[in-house]
A.B. asks: 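This is the structure, below, for whatever I ask next.
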Amino acid sequence: MLRSLQLDSNHRIILALRLSSLLFFFSSVLSAHGYPTRANIFIYAGCSQEKYQPNSPFEGNLNSFLTSVVSSSSEVTYNSFAIGNGSSTPPEGTIYGLYQCRGDLHPIDCSKCVARSVSQIGLVCPYALGASLQLEGCYLRYEHSGDFLGKLDTSLRYRKCSKAVTNDVEFFRRRDDVLADLQTANGFRVSSSGLVEGFAQCLGDLTLSDCSSCLTDAVGKLKNLCGSAAAADVFLGQCYARYWASGYYDESDSSNDDQVGKSVAIIVGVFGGLAVLVVLLSICKKVAG
């Protein structure tokens with residue numbers, strides 16, 4: 001009996017060590033290399049406090065939605081979905097969701113970005129009844145209610161402001177030209193004036209008038225929140241606007257790692273540690289008994 005227990009314990013230890021090594025390798029690869037293009041860089045995420053139960057009908061509807069999103073993204077840069085049985089009560093309810101890629105992305109890059117979002121949203125927002133994930137090149141969102149679709153939302157989701165520019169009248173004139181142009185975007189627009197560049201985009205479910213209102217608000221927040229910044233990003237609920245001095249991102253982002261990759265590495269490392277702990281506790285319990 002003692003020999004049998006010893007063999008079982010050895011097997012458990014070997015399994016734990018192999019699992020820990022595999023997870024450590026996986027997390028090291030992610031954190032060291034990140035993702036291959038800027039399109040996959042993490043911007044922000046939002047998660048509902050409400051949760052669904054594993055293996056529930058809601059989870060099945062969510063998996064169907066995510067599968068449909070990946071399939072659709074290889075053909076079109078924006079799409080919305082309603083998947084489920086039509087019930088309004090979670091977790092049985094319909095999944096409402098959408099995705100959108102940046103307007104200048106090639107369909108292949110769009111599909112890759114969306115697939116990355118799909119693979120990450122469950123890690124960032126586990127079991128959430130509603131979640132959104134914005135990467136550099138694409139956006140993904142789902143909810144258990146469809147109230148958000150087509151409804152103007154100018155709430156601030158994310159902002160980033162660089163160091164200020166001082167005593168450069170030409171820069172501010174060029175910046176204002178770019179921002180004025182971005183406010184006229186119909187969906188997606190790229191603009192440049194001298195050494196200043198920028199782009200803006202609305203979600204595909206907005207009307208033209210709502211898109212204009214959203215971008216006007218975004219540009220206003222760029223100026224009010226970031227002042228004389230050399231580069232600034234403002235993401236609202238259904239649109240965003242960005243500008244930068246030419247070369248700014250090439251210089252400042254040369255060492256920028258993908259934060260989603262770091263988050264995944266941390267999560268994987270935590271699960272690896274928990275797995276080892278569970279195995280060791282099980283061994284100690286059997287030995288003590």
Side-chain angles (χ1 to χ4, degrees), residues 27 30-31 34-52 54 58-59 61-63 65-70 73 77-81 90-91 95-102 105 109-149 151 153-161 200-205 214 218 221 225 232-242 253 256-271:
S27 63
L30 283 174
S31 60
Y35 298 126
T37 67
R38 280 187 54 86
N40 297 317
I41 293 175
F42 177 80
I43 302 295
Y44 73 85
C47 315
S48 72
Q49 296 299 312
E50 299 175 285
K51 303 292 184 179
Y52 64 83
F58 185 90
E59 184 175 48
N61 292 339
L62 176 57
N63 290 335
F65 162 69
L66 296 177
T67 299
S68 299
V69 161
V70 173
S73 64
T77 59
Y78 167 84
N79 208 347
S80 61
F81 302 84
I95 293 280
Y96 298 89
L98 57 81
Y99 74 88
Q100 179 164 287
C101 290
R102 203 174 64 210
L105 280 191
D109 294 323
C110 174
S111 181
K112 289 179 179 179
C113 186
V114 169
R116 187 71 69 185
S117 297
V118 166
S119 70
Q120 300 301 333
I121 198 166
L123 293 173
V124 178
C125 299
Y127 302 112
L129 278 175
S132 60
L133 179 63
Q134 176 75 62
L135 301 186
E136 178 79 19
C138 60
Y139 176 73
L140 176 65
R141 181 177 181 181
Y142 73 85
E143 303 285 349
H144 60 80
S145 170
D147 293 346
F148 71 97
L149 290 169
K151 184 178 180 180
D153 178 6
T154 58
S155 59
L156 180 65
R157 301 299 178 86
Y158 173 85
R159 68 165 176 137
K160 180 180 179 181
C161 311
Q201 186 168 25
C202 293
L203 281 180
D205 60 334
C214 192
K221 284 184 169 64
L225 297 177
D233 306 343
V234 164
F235 287 77
L236 306 184
Q238 287 183 298
C239 70
Y240 62 83
R242 319 175 75 177
D253 288 349
N256 187 13
D257 292 328
D258 181 0
Q259 296 302 311
V260 172
K262 290 182 178 179
S263 299
V264 174
I266 292 171
I267 293 170
V268 170
V270 170
F271 278 110

A.B. asks: Can you tell me how far the CD atom of E143 sits from the CD1 atom of I95, to the nearest 0.5 Å?
C.D. replies: 9.0 Å
A.B. asks: Could you measure the distance from the CG atom of L236 to the CG atom of L156? Nearest 0.5 Å is fine.
C.D. replies: 6.5 Å
A.B. asks: Can you give me the closest heavy-atom contact between D233 and R242, atom names plus distance?
C.D. replies: OD2-NH2, 2.9 Å
A.B. asks: State the CG-CG distance between L98 and L149, to the nearest 0.5 angstrom.
C.D. replies: 6.0 Å
A.B. asks: With side-chain contact (heavy atoms from CB on, under 4.5 Å) as the test, would you mind laying out the steps for Y142 and V69 before giving the verdict?
C.D. replies: CA-CA 11 Å; Y142 73 85; V69 161; over 6 Å; no
A.B. asks: What residues, two or more places apart in sequence or in another chain, satisfy salt bridge (Lys or Arg N to Asp or Glu O under 4.0 Å) together with K112?
C.D. replies: none
A.B. asks: Identify the two heavy atoms, one from R159 and one from V234, that lie closest to each other, and give their separation to 0.1 Å.
C.D. replies: CB-CG2, 4.3 Å
A.B. asks: Testing V118, L135, V114 for side chain to side chain contact (heavy atoms under 4.5 Å, CB included) with L140, which one passes?
C.D. replies: V118
A.B. asks: For the residue pair Q100 and D205, confirm or rule out a side-chain donor-acceptor distance under 3.5 Å.
C.D. replies: no
A.B. asks: I'd like to know whether S73 forms a side-chain contact (heavy atoms from CB on, under 4.5 Å) with Y99, so could you lay out the CA-CA distance, the side-chain angles of the two residues, the decisive distance to 0.1 Å, and finally the verdict.
C.D. replies: CA-CA 8 Å; S73 64; Y99 74 88; 3.9 Å; yes
A.B. asks: Apply side chain to side chain contact (heavy atoms under 4.5 Å, CB included) to S48 and list each qualifying residue two or more places apart in sequence or on a separate chain.
C.D. replies: E50, A128, L129
A.B. asks: Of all the heavy-atom pairs spanning S132 and Y139, show the shortest one and how long it is.
C.D. replies: CB-OH, 3.6 Å
A.B. asks: Could you list the residues that satisfy ring pair (Phe, Tyr, Trp, His ring centres under 6.0 Å) with F148, not counting sequence neighbours?
C.D. replies: none
A.B. asks: Would you give the length of the straight line joining atom SG of C138 to atom CD1 of I43, rounded to the nearest 0.5 angstrom?
C.D. replies: 10.5 Å
A.B. asks: Could you list the residues that satisfy side chain to side chain contact (heavy atoms under 4.5 Å, CB included) with T67, not counting sequence neighbours?
C.D. replies: none
A.B. asks: C125-C47 sulfur separation below 2.5 Å?
C.D. replies: yes
A.B. asks: What residues form a salt bridge (Lys or Arg N to Asp or Glu O under 4.0 Å) with R157, not counting sequence neighbours?
C.D. replies: D153
A.B. asks: Find the distance between CD (Q201) and CZ (F235) and round it off to the nearest 0.5 Å.
C.D. replies: 9.5 Å
A.B. asks: Please check if the side chain of K51 supplies one atom and the backbone of P126 the other of a donor-acceptor pair under 3.5 Å.
C.D. replies: yes
A.B. asks: Looking at R116 and E136, does any basic side-chain N land under 4.0 Å from a carboxylate oxygen?
C.D. replies: no
A.B. asks: Got a second to check how far L105's CG is from S111's OG, nearest 0.5 Å?
C.D. replies: 11.0 Å
A.B. asks: Indicate the atoms forming the closest heavy-atom contact of L133 with A45, along with that distance.
C.D. replies: CD1-CB, 3.9 Å
A.B. asks: Let me see the working for C214 and C239 under disulfide bond (SG atoms under 2.5 Å apart), right down to the final yes or no.
C.D. replies: CA-CA 6 Å; C214 192; C239 70; 2.1 Å; yes
A.B. asks: Got more than 12 heavy atoms from elsewhere within 6.0 Å of OH, Y44?
C.D. replies: yes
A.B. asks: Relative to each other, are the rings of F58 and Y52 parallel, tilted or perpendicular (30° and 60° limits)?
C.D. replies: tilted
A.B. asks: What residues form a ring pair (Phe, Tyr, Trp, His ring centres under 6.0 Å) with Y78, not counting sequence neighbours?
C.D. replies: none
